[in-house]
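Take a look at the structure set out below.
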There are 2 protein chains.
Amino acid sequence: MRGGERAALPAPRASARRVPGSATGTGQGSIPDVRRPSPGMLDVARTAGVSVGTVSNVLNNPAKVAPPTREKVEAAIAALGFVRNGVARSLKAGRSTTIGFVLIDLTNSFFLDMVRGAEEVANEAGMNLLLANADMNPVKEQTFLDLFEEERVAGILLTPRPLADEEGPRPAAAGVPRVHLNDPTAGAEVCSVTTDNVHGGYLAARHLIDTGRRRLLFAGGDQLDPVRQRYEGALRAVGETNGAVTLERLPTEWVRPPDGRRVAETILARTVGERPDAVLAGADLLALGLVQALSVDGRLRIPDDIAVIGYDNNRTAWDSLIPISTLDQAGEEMGRTAASLLLEEVRGAEDHVHRSVRLQPFLVPRESTVGR
Amino acid sequence: MRGGERAALPAPRASARRVPGSATGTGQGSIPDVRRPSPGMLDVARTAGVSVGTVSNVLNNPAKVAPPTREKVEAAIAALGFVRNGVARSLKAGRSTTIGFVLIDLTNSFFLDMVRGAEEVANEAGMNLLLANADMNPVKEQTFLDLFEEERVAGILLTPRPLADEEGPRPAAAGVPRVHLNDPTAGAEVCSVTTDNVHGGYLAARHLIDTGRRRLLFAGGDQLDPVRQRYEGALRAVGETNGAVTLERLPTEWVRPPDGRRVAETILARTVGERPDAVLAGADLLALGLVQALSVDGRLRIPDDIAVIGYDNNRTAWDSLIPISTLDQAGEEMGRTAASLLLEEVRGAEDHVHRSVRLQPFLVPRESTVGR
DNA sequence: GGAGGTCGGTTAAACGTTTCAAGACCAAGG
DNA sequence: CCTTGGTCTTGAAACGTTTAACCGACCTCC
């Protein structure tokens with residue numbers, strides 16, 4: 001299927017200044033044959049006066065080699081600047097020691113948290129984590145998934161694009177174990193880790209109610225599933241108050257700072273009595289714009305006149321002048337969990353049963369709701 | 001030879017759990033446990049009733065294969081769910097079609113710009129870009145460099161850590177072509193792309209002077225080389241005014257928003273006559289804190305009472321209520337240039353001469369200096 | 001002094017591709 | 001009928017490791 005792509009044959013590198021030994025024994029090349037920058041184990045073996053098997057043992061089972069021999073080999077390795085060929089290694093082993101992580105959007109700190117968590121677990125297991133930037137592009141996403149499969153990585157982590165409804169389901173994982181992060185649409189054919197947006201919305205509203213707020217406003221886009229779920233959670237919390245608290249909803253086009261500023265204008269345009277005493281923003285950037293525009297020129301005091309809480313603990317919002325309370329989605333934990341699931345599948349393919357883990361967000365109270 | 005051990009089990013898409021068979025002796029060896037569901041070209045060849053050479057041709061030189069044969073092979077590929085083994089492919093080719101990018105810090109949008117630029121060029125050349133997150137950690141940086149060398153990637157891009165003075169020079173590139181981005185310490189043994197901080201500082205000051213400012217203040221950490229260079233540039237611009245403009249310097253501990261707020265306090269504590277009418281911040285986040293604290297509660301009007309310009313066009317500062325003028329470091333261009341240099345070296349190792357390209361930053365005027 | 005163990009090392013067979021010389025077949029030309 | 005040339009296809013040799021089987025000393029124990 002992928003036959004079209006051509007390999008863009010990398011031209012052999014000219015032997016630089018350092019020429020280890022001539023080509024390996026079978027150097028009978030009748031073709032323009034000028035290269036071999038990197039010495040192989042055979043070169044090392046010859047230099048050290050041992051066999052390749054011994055060189056391999058020095059690398060992989062040092063204990064099995066007598067110290068004097070080992071030293072000779074190590075000296076030869078250093079002298080030649082030998083770097084073991086991981087490609088041949090992987091080929092022989094049938095699978096590499098690398099994990100691939102396909103990311104939908106590197107500019108969102110949520111995903112970077114996942115990377116950090118996943119990397120931690122991967123490193124503990126002696127594996128390396130390589131990242132691929134899908135950049136919101138479905139085609140790139142698929143390209144990188146294919147690449148990782150071809151390269152026979154040990155496993156794949158994926159934060160998928162939201163998956164527009166009209167397109168079919170994502171192709172199932174073929175040969176390589178895969179774990180989905182933050183993909184509520186993930187089926188039973190893979191492991192997945194998600195976050196509980198409903199509960200997060202509940203916690204946010206609960207926090208506002210518990211700190212004395214009674215007129216709540218939820219601001220947030222209507223078309224985004226996660227945001228809608230957060231609203232549902234808030235609704236539930238309000239429902240528990242038997243009418244003591246009201247919850248109004250103000251849809252926004254998107255969830256960026258400009259949208260937040262527009263919400264602020266709407267609020268400020270109202271009479272004092274009609275204003276909410278707390279706002280739940282569907283996302284931190286929305287909350288950021290909101291806080292900026294509400295507080296500018298001392299129009300409203302936050303949190304005294306009005307409290308604001310965001311969602312997702314986005315790094316960009318950390319630098320708000322008035323620190324914004326938020327819900328942390330446990331991105332790092334999500335990365336750790338996903339990597340653990342993946343490792344479990346990689347190691348025990350036999351009796352692995354796919355699971356779906358749902359993580360709970362947690363409240364991060366800051367000045368925008370509880371003051372200084 | 002392989003006929004005996006390979007069951008005729010087609011083992012197509014692994015629909016659920018359950019692994020075909022424990023297969024032949026799984027060596028204890030190192031880390032990886034093996035499961036090998038993936039069919040190889042030999043399986044495809046058998047299914048299609050042709051030889052492996054023909055399968056290879058279908059994949060790489062479709063024109064050389066007669067249409068009927070080609071179709072049979074393609075059918076077999078689809079039926080078996082064959083995914084070509086990129087590891088074996090790379091081994092045979094001697095080098096892969098992947099470029100590795102080792103990044104010092106994924107949270108800084110400057111580096112993400114580079115990624116975007118590099119990716120663009122790499123894709124055009126039919127190569128894939130894989131990212132490694134060094135996370136400010138020299139050990140990780142080295143680990144990933146080693147990994148990429150072992151994996152015999154076609155080339156390596158690197159945004160190195162600042163390189164604390166006490167440690168020795170970075171080990172030279174061994175077998176794989178490498179290009180350094182934003183590394184002023186890069187020697188002549190590699191290609192490199194840097195940004196001209198002095199000129200950027202000059203442009204920033206020039207802009208302020210040209211828009212009528214006369215009392216300039218430069219705020220910025222003393223220990224960071226790039227920031228110091230920006231100051232030098234500003235100094236030069238001021239020098240050209242024959243004393244008409246003054247430039248004061250206010251060192252900060254670091255260049256984050258809290259430092260900016262402290263600078264603001266210092267300024268506000270002065271009498272009106274002693275205050276600068278423009279501030280050059282050594283970095284955007286510093287400018288962000290500065291703008292926040294200067295303008296809060298309507299204390300000073302920006303840019304009427306005081307202008308502020310930042311540096312580096314950091315995405316985090318985009319969301320400031322008052323958009324902040326800045327200097328863009330042409331990160332995307334840097335990525336493109338670096339990738340081009342790398343490709344040149346990869347392709348024509350013979351007559352490649354290492355070069356060092358210095359890119360010029362450009363002014364991005366916004367409201368914080370020129371009003372609305 | 002021979003059987004059996006250990007230790008340290010070598011040899012050769014994979015791993016799954018690509019590539020290229022050589023073979024099979026066929027049509028056309030002499 | 002034999003040659004020539006062309007088009008497809010095949011077969012086998014690499015690529016640089018790892019690993020199991022093997023081998024030769026040397027040591028120990030009866």
Side-chain angles (χ1 to χ4, degrees), chain A residues 6-7 9 12 23-31 33 35-36 38-46 48-70 72-73 82-96 150-152 175, chain B residues 1-6 23-32 34 36 38-45 48-70 72-73 82-97 150-152 175:
Chain A
R6 191 65 196 91
L9 241 266
T24 48
T26 51
Q28 52 106 13
S30 50
I31 322 293
D33 179 84
R35 47 59 254 252
R36 176 159 284 116
S38 8
M41 293 203 340
L42 187 55
D43 303 281
V44 174
R46 264 208 279 274
V50 299
S51 75
V52 291
T54 299
V55 176
S56 177
N57 275 334
V58 169
L59 259 32
N60 302 312
N61 305 302
K64 297 241 165 271
V65 181
T69 313
R70 183 164 62 221
K72 271 192 306 181
V73 172
F82 166 76
V83 176
R84 132 167 93 192
N85 187 324
V87 178
R89 198 171 139 82
S90 293
L91 174 58
K92 183 61 181 142
R95 184 131 299 175
S96 87
E150 287 195 3
E151 296 302 333
R152 298 295 195 273
Chain B
M1 307 292 179
R2 289 172 45 198
E5 65 186 59
R6 176 91 69 166
T24 52
T26 41
Q28 38 93 32
S30 35
I31 302 175
V34 248
R36 43 171 48 185
S38 344
M41 292 203 339
L42 186 55
D43 302 280
V44 174
V50 299
S51 74
V52 292
T54 299
V55 176
S56 176
N57 275 334
V58 170
L59 257 32
N60 303 310
N61 304 302
K64 297 239 167 275
V65 181
T69 314
R70 184 165 60 220
K72 270 192 305 182
V73 172
F82 167 75
V83 176
R84 136 168 88 194
N85 187 323
V87 177
R89 198 170 139 83
S90 293
L91 174 60
K92 182 63 180 140
R95 185 131 298 173
S96 88
T97 168
E150 286 195 3
E151 295 301 333
R152 297 295 194 274

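Since this is a predicted model, take the numbers as computed values, not measurements. In what follows, chains are A, B, ... by sequence order, proteins preceding strands, each numbered from 1.
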### Message
Between C1' on D/dT18 and NZ on A/Lys64, what's the gap in Å once rounded to a whole number?
### Response
15 Å
#### Entry: Whichever of A/Gly49 and B/Asn85 has its nearest DNA chain C nucleotide further upstream toward 5'
A/Gly49
### Query
Does a nitrogen or oxygen in the side chain of A/Thr69 sit under 4.0 Å from OP1 or OP2 of C/dG8?
no
### Task
Would you mind classifying the nucleic acid contact of B/Val65 as base, sugar-phosphate or nothing, using non-hydrogen atoms under 4.0 angstrom?
sugar-phosphate
### Query
Any side-chain heavy-atom pair from A/Arg89 and A/Leu59 closer than 4.5 angstrom?
no
### Query
Once you round it to whole Å, what is the distance between P of D/dT17 and CZ of B/Arg89?
21 Å
### Rounded distance in Å - CG (A/Asn61) to P (D/dT18)
10 Å
### Query
Expressed in angstrom and rounded to an integer, what is the separation of A/Lys92 atom NZ from C/dA12 atom C1'?
11 Å
### Query
Can B/Ser96 and B/Glu151 be said to form a side-chain contact (heavy atoms from CB on, under 4.5 Å), step by step?
CA-CA 8 Å; B/Ser96 88; B/Glu151 295 301 333; over 6 Å; no
### Query
Which nucleotide in the list C/dT18, C/dT19, D/dT17 gets nearest to the side chain of B/Asn57?
C/dT19
#### Entry: d(CG, B/Leu42; C1', C/dT17) in whole Å
11 Å
### Query
Closest nucleotide of DNA chain D for B/Ala88 versus for A/Val55: which of these residues is on the 5' side?
B/Ala88
### Task
Check every strand shown and say whether B/Val87 touches a base, only sugar-phosphate, or nothing at a heavy-atom separation below 4.0 Å.
nothing
### Task
Grab the CZ-P distance between B/Arg152 and D/dC15 for me, whole Å please.
14 Å
### Message
If the cut-off is 4.0 Å, is A/Thr54 near the phosphate of C/dG9, judged by side-chain N/O to OP1 or OP2?
### Response
no
### Query
Tell me: CG of B/Asn60 to P of D/dC8, nearest whole Å?
18 Å
### Task
Start with the C-alpha gap between B/Thr97 and A/Glu150, add the side-chain angles, then the distance that decides, and say whether side-chain contact (heavy atoms from CB on, under 4.5 Å) holds.
CA-CA 12 Å; B/Thr97 168; A/Glu150 287 195 3; over 6 Å; no
### Query
Hey, does B/Val65 have a side-chain heavy atom less than 4.5 Å from the side chain of B/Val73?
no
#### Entry: Within-4.5 Å side-chain heavy-atom neighbours: B/Val83 and A/Arg152
yes
### Interatomic distance, A/Arg84 CZ vs D/dC15 C1' [rounded to whole Å]
17 Å
### Query
Where the side chain of A/Leu91 is concerned, which of C/dG16, C/dT17, C/dG8 is the nearest nucleotide?
C/dG16
